[in-house]
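This report concerns only the one structure given below.
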Protein chains: 2
Amino acid sequence: MLKKQLIMERALELFARHGFEATSVQQITEHCGISKGAFYLSFKSKDELIIALIDHFMMQITSEIDHIVRNTKDDEQLLYHFYYAIYHSFHKHSDFAKVLIKEQSQTFNKELILKMQYYDKLTENTILSMIERLYGEEVKQTKYDLMYCIKGFMNTYSQLFVFYNVPLDLKLLAESLVEKTNLLARHTTVPFISQELIEIVKQPMNGEITKEQILEIIRQRIEEIEEPIEKESLILLQGQLLEPTLPPVIVKGLLENIRNHPHCKWISYLLRRYYNF
Amino acid sequence: MLKKQLIMERALELFARHGFEATSVQQITEHCGISKGAFYLSFKSKDELIIALIDHFMMQITSEIDHIVRNTKDDEQLLYHFYYAIYHSFHKHSDFAKVLIKEQSQTFNKELILKMQYYDKLTENTILSMIERLYGEEVKQTKYDLMYCIKGFMNTYSQLFVFYNVPLDLKLLAESLVEKTNLLARHTTVPFISQELIEIVKQPMNGEITKEQILEIIRQRIEEIEEPIEKESLILLQGQLLEPTLPPVIVKGLLENIRNHPHCKWISYLLRRYYNF
DNA sequence: TATAATAATGACTACTGGGTCATTTGTCAA
DNA sequence: TTGACAAATGACCCAGTAGTCATTATTATA
């Protein structure tokens with residue numbers, strides 16, 4: 001399990017620098033100081049590696065953002081926290097962001113494209129729920145358009161730190177985008193992206209995650225996590241999924257226990273959705 | 001010369017579908033119905049092909065946009081024409097747009113990256129001049145930020161037709177973005193992209209195009225163009241560059257002569273800049 | 001210590017892709 | 001018809017790739 005992490009870390013560095021296709025397994029193993037065979041003990045293929053990377057980071061980032069949006073009580077602060085969290089994530093995982101932008105919907109395999117669409121959809125939902133909460137009826141006609149603009153701001157401005165190593169003032173950036181978003185939300189009268197267009201565009205979202213899939217992920221995490229509180233909480237949550245006995249408030253508490261562990265954020269996000277918290 | 005065009009057209013189709021790296025020279029030649037050797041008679045390498053493609057289309061698009069901005073007299077209409085022209089271009093050359101978005105700053109060679117930065121810079125200049133003309137002093141503090149937003153709108157919304165074959169209402173799209181741009185221009189008070197940041201970010205713009213380079217391009221065009229008016233105009237302009245004898249007004253007329261020929265737009269753009277028209 | 005089980009190695013295979021070049025085909029003036 | 005030149009071909013070369021597997025090293029167990 002440690003070997004797997006080493007490979008992921010070192011490979012990400014190379015992918016960020018040279019791109020996925022242009023990095024050979026040979027180079028990765030050299031960069032890790034292991035043999036080629038050892039690589040294939042951890043990953044069935046090079047593709048499995050990139051999928052693992054994307055899952056790893058997208059889970060973290062997506063659930064992080066969603067958590068911020070759900071837990072910021074002060075509407076006045078919500079947008080600010082949202083933008084700040086996003087750029088903070090991108091900054092923290094700038095190598096990953098580089099890969100993501102470089103490889104953007106690249107040719108690579110079908111599974112990955114679906115995966116990216118899936119995460120994209122999740123982000124869209126989070127943004128939409130934020131918009132509805134902040135502006136309500138006011139943006140009924142323009143909310144999809146607004147969501148698109150917000151995604152646009154995210155992409156456009158993130159290129160700045162991805163490609164130039166300039167120290168950026170994230171607070172100012174967030175503040176600036178809050179103002180822009182508010183302007184667009186309050187005064188836009190000619191939306192381009194309509195509900196209808198969204199319907200046409202969106203692929204049949206490849207199914208919600210099932211209980212079985214959640215259980216599978218929990219099982220994996222239980223094995224790799226050592227911290228006793230998180231581990232025990234996971235075991236209880238596992239039991240709860242198999243046979244519900246605990247009251248919601250306790251489940252919520254258990255989720256709170258694991259929320260901050262870097263390897264549990266995704267599980268906690270999935271369970272929050274599952275239980276509709 | 002015809003063979004070259006055939007290859008470019010057919011290759012673009014494949015690149016748009018599968019991406020540049022994933023398309024082999026073999027596949028290209030099969031798709032063209034020619035031999036592998038024949039390919040290398042037209043292009044020294046696969047890289048030379050993609051460079052030719054990018055040059056071909058970026059020249060057209062860049063100069064088209066610049067021309068629109070320079071020649072729309074009615075300020076009220078300027079932004080609309082600008083957005084419309086852009087999306088019209090993207091729509092017309094949607095295969096190229098696909099390649100561009102897919103391959104976005106991809107790993108491929110240094111030369112290409114510089115090339116893209118160059119075209120990007122040109123577009124930025126066009127946008128800036130438009131902003132200054134429309135809003136003047138009003139946006140002194142926010143113009144770079146605004147320029148960045150406009151570029152963001154261009155990118156974000158263009159993904160729509162690139163990835164989904166939905167028939168889009170370009171007029172509505174342009175109208176919608178005009179409103180957004182005006183909103184941001186008139187009410188933004190917290191810019192993020194400052195003059196200073198731009199200075200830091202921009203690489204030393206790899207030199208203006210020299211007179212010799214312009215002459216070289218003219219020479220090429222003279223050979224491949226058959227239409228008498230355009231051809232003769234080019235020859236006169238060539239002479240003028242070597243030894244200036246004609247008054248500006250005539251030069252301007254000659255530029256007008258070639259402006260609409262698809263293979264002359266770039267030349268006309270370069271000369272307009274050269275003579276500061 | 002001896003034995004079983006597991007982890008790690010790197011030479012090897014099978015294959016692909018960019019690019020070359022001796023050879024063939026086509027063209028046209030003498 | 002001939003010979004000279006250009007255009008076009010595709011078998012071939014070679015570098016580099018993902019992935020395999022017999023062998024060796026390491027660790028855990030009895």
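Shown here are the ring pair (Phe, Tyr, Trp, His ring centres under 6.0 Å) partners of B:Tyr157, two or more places apart in sequence or in another chain: A:Tyr148. Judged as a side chain to side chain donor-acceptor pair (under 3.5 Å), and not counting sequence neighbours, the contacts of B:Glu13 are B:His31. Contacts of B:Lys151 classified as salt bridge (charged side-chain N to carboxylate O under 4.0 Å, His left out), with partners at least two apart in sequence or in another chain: B:Asp120, B:Glu124.
Of all nucleotides in DNA chain C having an atom under 4.0 Å from a heavy atom of chain A, the first and last in 5' to 3' order are C:dA8 to C:dG10.
Using a 4.0 Å cut-off between charged side-chain N and carboxylate O, B:Arg272 and B:Asp66 make a salt bridge.
Counting only N and O atoms by type, the side chains of A:Ser233 and A:Glu230 include no donor and acceptor under 3.5 Å apart. B:Glu48 and B:Ser45 are not linked by any side-chain donor-acceptor pair at a separation below 3.5 angstrom, with hydrogens and angles left out of the test.
Nearest-nucleotide mapping onto DNA chain C: of A:Leu41 and B:Lys44, the residue sitting toward the 5' end is A:Leu41.
Going from atom NZ of B:Lys3 over to atom C1' of D:dA6 covers 12 Å, rounded to whole Å. Taking atom CZ on B:Phe39 and atom C1' on D:dA7, their separation rounds to 17 Å, with Å as the unit.
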Protein N or O to nucleotides 13-18 of chain D N or O, pairs below 3.5 Å:
residue, atom, partner, partner atom, Å
D:dA18, OP1, A:Lys46, NZ, 3.0
D:dA18, OP2, A:Val25, N, 3.0
D:dA18, N7, A:Lys36, NZ, 3.0

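The aromatic rings of A:Phe39 and A:Phe43 sit tilted, their planes meeting at an angle between 30° and 60°.
The salt bridge (charged side-chain N to carboxylate O under 4.0 Å, His left out) pairs that include a residue from residues 50-59 of chain A are A:Asp55-A:Lys115, where partners are two or more places apart or lie in different chains.
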